[in-house]
Q: 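My structure is below; once you've seen it, I'll send some questions.
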There are 2 protein chains.
Amino acid sequence: MTSSKPNPSRPDPSSVPGAVVNRLSLYLRELQHLIGDGKETISSSQLGQRLGFTDAQVRKDLAHFGHFGHPGIGYRCEELVPAIRHILGTDRQWQVALVGVGNLGRALLGYRGFQKQGFRIVAAFEVEPEDVGETIDGVPVHHIDQLEHVLSEQDIELGLVAVPAEKAQEVTDKLVASGVSGILNFAPVTLAVPEGVSKVGVDLARELEQVTFAVANRGNQGTN
Amino acid sequence: MTSSKPNPSRPDPSSVPGAVVNRLSLYLRELQHLIGDGKETISSSQLGQRLGFTDAQVRKDLAHFGHFGHPGIGYRCEELVPAIRHILGTDRQWQVALVGVGNLGRALLGYRGFQKQGFRIVAAFEVEPEDVGETIDGVPVHHIDQLEHVLSEQDIELGLVAVPAEKAQEVTDKLVASGVSGILNFAPVTLAVPEGVSKVGVDLARELEQVTFAVANRGNQGTN
DNA sequence: CATTGTGAACTTATTCACAGCC
DNA sequence: GGCTGTGAATAAGTTCACAATG
């Protein structure tokens with residue numbers, strides 16, 4: 001404990017359930033759309049309605065991190081967006097490395113959504129000699145053996161793993177050894193990462209399986 | 001109730017929590033790797049260990065759907081894999097339509113992981129005239145106006161939405177009108193779908209935000 | 001007076017622990 | 001002896017409901 005009176009804007013972050021963080025990023029996305037539509041404030045019930053949550057859920061989630069609302073008014077979009085970005089850690093730029101410039105890797109290099117949220121892919125890596133040396137969407141493709149060297153110079157904190165399943169763990173180990181602290185993994189394997197390194201996995205076939213389960217068992221409207 | 005004695009292999013599927021289904025597909029993936037490695041049986045504790053769950057969790061999840069284990073032995077991989085595929089609905093082929101052959105759409109067309117799990121993208125759609133008529137990875141690209149027509153002939157049940165956010169709802173409405181019953185959405189918006197249609201959203205920037213939260217708040221090992 | 005923030009009630013999910021089985 | 005399936009116990013997450021508030 002640093003102070004006797006708990007600071008409402010910075011509660012113990014490791015006690016926050018993952019589901020809350022997931023919803024937080026959903027709130028952020030929706031708020032950004034709302035701002036685009038010129039809306040100035042939104043109530044917890046309106047926001048919840050758009051995303052399929054209750055008003056209480058929205059308020060509780062946000063209350064984990066501070067007092068962002070205004071009684072009688074709701075939440076001011078322009079105020080809440082930077083607050084959530086701060087919580088998520090995206091109130092600054094993150095430099096990202098990509099490993100694997102196959103099909104998916106190339107799509108990630110061109111994906112605009114990353115830049116919009118402050119992510120910049122600044123280096124890509126491959127084993128295939130024919131891809132090395134190329135520049136794709138402004139990003140230089142290095143040989144994978146250069147990974148540690150390039151990362152040591154560029155202050156890259158996040159890694160995208162877009163290699164075949166068999167190579168994913170090996171690549172992950174290299175990223176970790178090079179000091180990366182978070183990984184987004186597109187290979188269909190569960191990666192082992194050391195304590196202190198975070199990872200999230202995106203497996204497209206698994207996502208579709210969630211859909212087929214719901215379809216085969218009629219009426220599960222599903223995760224966002 | 002259809003019978004007095006509850007059938008253990010087919011419980012009410014809509015009562016199964018989404019988180020269970022999500023883990024189920026993770027079990028499936030791991031089991032498929034295990035078979036590839038020549039392992040014949042696995043215990044709930046071993047399987048749990050590999051994925052970061054408790055043994056009880058694994059057993060409870062599977063017990064939702066039937067009696068798949070063998071006391072003293074564990075689960076037989078070759079037996080459990082088809083059982084889970086049946087539960088998830090992937091014990092058959094699913095025909096899939098893709099809308100949007102930009103960056104991401106093209107990557108999806110070439111993605112091998114879909115085919116491995118029984119998904120076949122059989123038609124793609126675009127607005128941009130220069131892409132229409134093309135064949136990418138063996139998949140014909142039709143004009144979006146042909147969507148309803150093509151889908152009516154091909155028994156396509158799932159749709160992949162890989163268009164810009166502004167067009168995603170419109171495209172979704174068309175897919176739904178054409179009889180699709182499940183949607184995997186890559187656009188960074190929350191889609192509205194009618195009752196009875198299932199959807200799952202994959203927002204790459206949001207996934208990365210889950211990583212940055214964990215990194216910015218040290219030690220949340222993260223999903224998967 | 002619409003709307004937040006929040007304890008208390010409730011619901012859902014996870015883990016424990018052990019009888020039953022191979 | 002090793003391991004499952006499961007009811008009971010515990011923990012976590014969600015909703016209710018209402019006092020506080022600009």
Side-chain angles (χ1 to χ4, degrees), chain A residues 5-24 26-27 31 34 39-77 79-80 83-84 87 220 223, chain B residues 5-24 26-27 31 34 39-77 79-80 83-84 87 220 223:
Chain A
K5 185 196 291 183
N7 180 342
S9 67
R10 293 271 102 205
D12 178 3
S14 67
S15 71
V16 176
V20 173
V21 182
N22 191 56
R23 287 192 298 265
L24 225 48
L26 224 39
Y27 301 153
L31 287 161
L34 286 166
K39 215 156 184 322
E40 304 217 325
T41 67
I42 190 152
S43 67
S44 55
S45 55
Q46 287 176 299
L47 184 53
Q49 189 141 51
R50 285 169 173 262
L51 299 170
F53 307 126
T54 64
D55 55 340
Q57 177 92 84
V58 172
R59 293 198 301 275
K60 264 269 156 75
D61 283 347
L62 293 170
H64 264 106
F65 302 96
H67 294 214
F68 304 117
H70 303 278
I73 303 292
Y75 299 88
R76 286 197 232 285
C77 303
E79 202 173 283
L80 191 49
I84 297 180
I87 295 162
N220 251 285
T223 319
Chain B
K5 186 196 288 180
N7 179 341
S9 68
R10 293 271 101 209
D12 178 4
S14 67
S15 72
V16 176
V20 172
V21 182
N22 190 57
R23 286 191 299 264
L24 225 48
L26 223 40
Y27 301 154
L31 287 161
L34 287 167
K39 216 156 183 321
E40 304 217 325
T41 68
I42 189 153
S43 67
S44 56
S45 54
Q46 287 176 299
L47 184 54
Q49 190 142 51
R50 285 169 172 262
L51 300 170
F53 307 126
T54 65
D55 54 341
Q57 177 93 84
V58 173
R59 292 198 300 277
K60 263 269 156 76
D61 284 347
L62 294 170
H64 264 107
F65 303 96
H67 294 214
F68 303 117
H70 303 277
I73 304 292
Y75 298 88
R76 287 197 231 283
C77 303
E79 204 174 281
L80 192 49
I84 297 179
I87 296 162
N220 251 284
T223 319

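Being a predicted model, the structure only gives us computed values, none of them experimental. Computed from heavy atoms alone, side chains included, the values below leave out hydrogens, waters and symmetry copies.
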Q: Counting only N and O atoms by type, is there a donor-acceptor contact under 3.5 Å from the side chain of A:Gln46 to the main-chain atoms of A:Ser43?
A: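 Yes, A:Gln46 side chain to A:Ser43 backbone: donor-acceptor pair under 3.5 Å.
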Q: Would you mind telling me which of D:dT14, C:dG5, D:dC16 lies closest to the side-chain atoms of A:Arg23?
A: D:dT14
Q: C:dT4 phosphate, OP1 or OP2: any side-chain N/O from A:Arg59 under 4.0 angstrom?
A: yes
Q: Above 12 or not: heavy atoms from other molecules or residues under 6.0 Å from CD of B:Glu79?
A: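 Result for CD/B:Glu79: enclosed.
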Q: Closest nucleotide of DNA chain D for A:Pro71 versus for A:Phe53: which of these residues is on the 5' side?
A: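 Nearest nucleotide further toward 5': that of A:Phe53.
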Q: Using a cut-off of strictly less than 4.0 Å, decide whether A:His67 has a side-chain nitrogen or oxygen near OP1 or OP2 of C:dT6.
A: yes
Q: Any heavy-atom pair between the side chains of A:Leu62 and A:Tyr75 that's under 4.5 Å?
A: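 Yes, at least one pair of side-chain atoms sits under 4.5 Å.
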Q: Compare side-chain N and O positions of A:Thr54 against OP1 and OP2 of D:dT14 and report whether any pair is under 4.0 Å apart.
A: no
Q: Can you check the B:Asp55 CG to C:dA17 P distance for me, whole Å?
A: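 My rounded result for the distance is 12 Å.
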Q: Using the side-chain heavy atoms of B:Ser43, tell me which of these nucleotides is nearest: C:dG5, D:dC3, D:dG5.
A: D:dC3
Q: Does any N or O donor sit under 3.5 Å from an N or O acceptor when you compare the side chain of B:Lys60 with the base of D:dT6?
A: no
Q: For A:Phe68 and A:Ala83, which heavy atoms make the closest approach, and how far apart are they?
A: CE2-CB, 3.7 Å
Q: Under 4.0 angstrom, heavy atoms only, what part of the nucleic acid is A:Gly72 near: base, sugar-phosphate, or nothing?
A: base
Q: Under 4.0 Å from OP1 or OP2 of C:dG5: is there any side-chain N or O of A:His70 that close?
A: no
Q: Measure from the side-chain heavy atoms of B:Gln57 and tell me the nearest of D:dG5, D:dT14, C:dT14.
A: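 Output: C:dT14.
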Q: Checking all strands, does A:Ser44 fall into the base, sugar-phosphate, or nothing category for heavy-atom contacts under 4.0 angstrom?
A: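 Sugar-phosphate contact only - A:Ser44 comes under 4.0 Å of backbone atoms but never of a base.
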Q: Distance check: side-chain N/O of B:Tyr75 vs OP1/OP2 of D:dG2, anything under 4.0 Å?
A: no
